[in-house]
Asker: 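Once you've had a glance at the structure underneath, I'll fire off some questions.
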2 protein chains.
Amino acid sequence: MTLNRRLAAKAARLLPEHKPPGSPGLILEAALKLFAERGYAAASVREIAAASGLKPATIYGHYPSKEHILAELCRVGHEEQNRSVRAAVLNSGADPRDQIVAYVRAHVGMHTSFPMLAVVANAELHVLSAELGAATFSLREQSERLLGEIIQRGLDRGVFHVPNAWLAVAAIGGMGLRVAYWYSPEYRLEPHEVADVYAEYALRILAVKTDPSAGL
Amino acid sequence: MTLNRRLAAKAARLLPEHKPPGSPGLILEAALKLFAERGYAAASVREIAAASGLKPATIYGHYPSKEHILAELCRVGHEEQNRSVRAAVLNSGADPRDQIVAYVRAHVGMHTSFPMLAVVANAELHVLSAELGAATFSLREQSERLLGEIIQRGLDRGVFHVPNAWLAVAAIGGMGLRVAYWYSPEYRLEPHEVADVYAEYALRILAVKTDPSAGL
DNA sequence: CGAACGAACGAACGATCGTTCGGATGCGTG
DNA sequence: CACGCATCCGAACGATCGTTCGTTCGTTCG
């Protein structure tokens with residue numbers, strides 16, 4: 001179970017709208033897999049090239065540097081996460097409880113659907129220079145603030161009960177983040193099962209009074 | 001807030017009982033800081049040597065390889081974590097609820113007290129060969145199994161209510177893990193505050209019926 | 001047909017990597 | 001003083017790193 005691998009997922013996955021056509025897309029996909037499995041610093045441009053069916057020199061015809069490839073992956077990952085949770089919350093009505101459920105479901109869903117993208121976008125982000133990471137930092141802050149605002153609204157309305165809104169953000173965000181490392185499609189658990197259970201956990205953390213007849 | 005750093009902590013911390021005297025201790029401490037901030041692959045032996053006040057060649061008089069230094073840090077980190085949670089649980093009586101509180105408090109306490117050690121021991125573990133990582137893997141599995149057994153006992157006794165014990169382990173463990181990345185001693189939050197709140201969150205995740213008069 | 005162009009490549013650049021080796025230095029013990 | 005022993009270091013090893021340069025190739029378009 002606890003194997004000597006960084007994450008359980010074995011295949012890189014990139015949405016068509018985030019994967020440019022042709023060689024740039026192949027490069028991005030190969031880099032995603034290598035960055036996720038070995039880490040940015042331990043993955044060489046030569047390995048990325050080989051995995052893309054190209055030669056190292058060709059990479060630089062499509063990306064100015066190795067760091068730019070990482071920056072693109074981080075941006076894409078955070079963009080997908082931000083887009084996902086924002087859409088989910090907007091579709092969930094005005095009740096903070098529904099919004100939390102929508103947010104956590106989308107957040108966890110992102111980490112089960114794109115585990116490699118999530119791992120790279122979060123664990124390798126610190127490598128980026130302030131300039132190359134600016135877009136990603138902004139997206140990350142947006143998502144975090146959205147969760148914070150939902151929780152604050154729930155507190156103001158008296159439907160949530162936690163001593164510290166920020167600690168709830170950290171706890172709910174943190175447990176979702178970790179999913180990307182252990183989730184594998186060949187698991188006994190379907191993505192929606194994980195998402196549903198984690199959404200329930202989030203409600204419990206926030207001490208929402210639930211219908212006892214709903215059972216476990 | 002969301003700065004371009006891997007973790008918020010700024011100083012490496014190593015318990016005296018885990019820090020060998022003399023140069024080996026200095027090397028271990030310097031490597032801890034560099035591995036935590038930049039990652040194992042991005043930190044060079046020359047940097048570790050400079051930070052220890054030594055020359056690169058001297059490192060190899062105390063450790064056979066760079067990987068052995070990481071292996072030692074991972075082992076120390078997981079040993080401290082394992083020792084801490086085991087002691088806490090043993091001191092907490094037979095009630096699974098008390099055991100969960102003790103476990104989570106110790107677990108979170110480890111991540112606030114030794115954030116760099118926790119980050120390195122968890123995020124860089126995958127680098128180690130099966131041989132060099134064996135001791136660490138064993139400790140990690142022990143800790144995880146202990147948490148799983150506590151939760152299972154609580155389920156059997158009917159004091160916990162979750163649909164899936166493993167998902168609860170993942171959620172509770174995951175939210176604690178993440179603390180090491182954002183916690184900083186210069187925060188407004190004391191370590192015990194974080195630990196107490198997270199212990200409460202764990203109880204809520206497990207749907208323990210608490211005294212409503214206890215407030216938030 | 002021939003000019004223009006983007007994509008891909010072979011080869012090499014300087015830099016840095018982990019690591020090794022032989023020797024210098026200091027110190028406690030005979 | 002002479003010795004053994006551990007510590008430390010200067011210098012260098014081969015390997016690999018990210019990146020660049022000049023060129024070749026196939027396609028497109030006038």
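Just so we're clear, the structure is a prediction, and the values are computed from it rather than from any experiment. In what follows, every chain begins at residue 1, and chains take the letters A, B, ... in the order their sequences are listed.
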Asker: Is there a Watson-Crick or G-U wobble partner for D/dG26 with both distances under 3.5 Å, and which nucleotide is it?
Answerer: C/dC5
Asker: From CD1 of A/Ile27 over to C1' of C/dA8, roughly how many Å is that when rounded to an integer?
Answerer: 11 Å
Asker: Take atom CG of A/Leu26 and atom C1' of C/dA8, then tell me their distance rounded to the nearest Å.
Answerer: 13 Å
Asker: Out of D/dT19, C/dC9, C/dG18, which nucleotide sits closest to the side chain of A/Ala57?
Answerer: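 Within the option list, the nearest is C/dC9.
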Asker: Please report, rounded to the nearest Å, how far the P atom of C/dA8 is from the OH atom of A/Tyr63.
Answerer: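 Computing the A/Tyr63:OH to C/dA8:P distance gives 12 Å.
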Asker: Rounded to whole Å, how long is the line connecting atom CG of A/Leu54 with atom P of D/dC25?
Answerer: 18 Å
Asker: Is any side-chain N of the basic residue among A/Arg145 and A/Glu141 closer than 4.0 Å to the acidic one's carboxylate O?
Answerer: yes
Asker: May I ask you to evaluate whether A/Lys66 reaches the phosphate of D/dG18, defined as a side-chain N or O under 4.0 Å from OP1 or OP2?
Answerer: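 Checking D/dG18 against A/Lys66, a side-chain N or O does come within under 4.0 Å of OP1 or OP2.
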Asker: Identify whether any heavy atom of A/Ala49 sits under 4.0 Å from a base atom; if not, whether one sits that close to sugar-phosphate; answer base, sugar-phosphate or nothing.
Answerer: nothing
Asker: Whole angstrom is fine here: how far is it from NZ in A/Lys55 over to C1' in C/dA11?
Answerer: 12 Å
Asker: Mind checking if A/Ile59 touches a base, just sugar-phosphate, or nothing, with heavy atoms under 4.0 Å?
Answerer: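 Answer is nothing: A/Ile59 stays at 4.0 Å or more from every strand.
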Asker: Answer yes or no: are there more than 12 heavy-atom neighbours, outside B/Arg153 itself, under 6.0 Å from its atom CZ?
Answerer: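 Count over threshold, so yes.
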Asker: B/Ser23 side chain N/O closer than 4.0 Å to the phosphate oxygens (OP1, OP2) of D/dT7?
Answerer: no
Asker: Between C/dG18, D/dT19, C/dA8, which nucleotide gets closest to the side-chain atoms of A/His62?
Answerer: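 Of C/dG18, D/dT19, C/dA8, C/dA8 is nearest to the side chain of A/His62.
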Asker: Rounding to a whole Å, what distance do you find between A/Leu70:CG and D/dC17:P?
Answerer: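 Rounded to whole Å, this separation is 17 Å.
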Asker: Among the candidates C/dT19, C/dC17, D/dT20, find the nucleotide nearest to the side-chain atoms of B/Ser44.
Answerer: C/dC17
Asker: Verify the contact: side-chain N or O of A/Thr58 to OP1 or OP2 of C/dC9, cut-off strictly under 4.0 Å; return yes or no.
Answerer: yes
Asker: So does A/Leu28 get a backbone contact from the side chain of A/Tyr63, meaning a donor-acceptor N/O pair under 3.5 Å?
Answerer: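 No.
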Asker: Strictly below 4.0 Å, N to O, side chains only: are A/Glu80 and A/Arg13 in salt-bridge contact?
Answerer: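 Not counted as a salt bridge, because no side-chain N and carboxylate O are separated by less than 4.0 Å.
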Asker: Contact class for B/Ala41 (heavy atom, under 4.0 Å): base, sugar-phosphate, or nothing?
Answerer: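 If one applies the 4.0 Å heavy-atom cut-off, B/Ala41 turns out to touch nothing in the nucleic acid.
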Asker: Take atom CZ of B/Arg46 and atom P of D/dG10, then tell me their distance rounded to the nearest Å.
Answerer: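 B/Arg46 atom CZ is separated from D/dG10 atom P by 13 Å.
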Asker: B/Glu67 has an atom CD; how far is it from atom P of C/dT19, in whole Å?
Answerer: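 That distance rounds to 8 Å.
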Asker: Is the number of heavy atoms from other residues, nucleotides or ligands within 6.0 Å of CZ (A/Arg83) greater than 12?
Answerer: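 Above 12, so yes.
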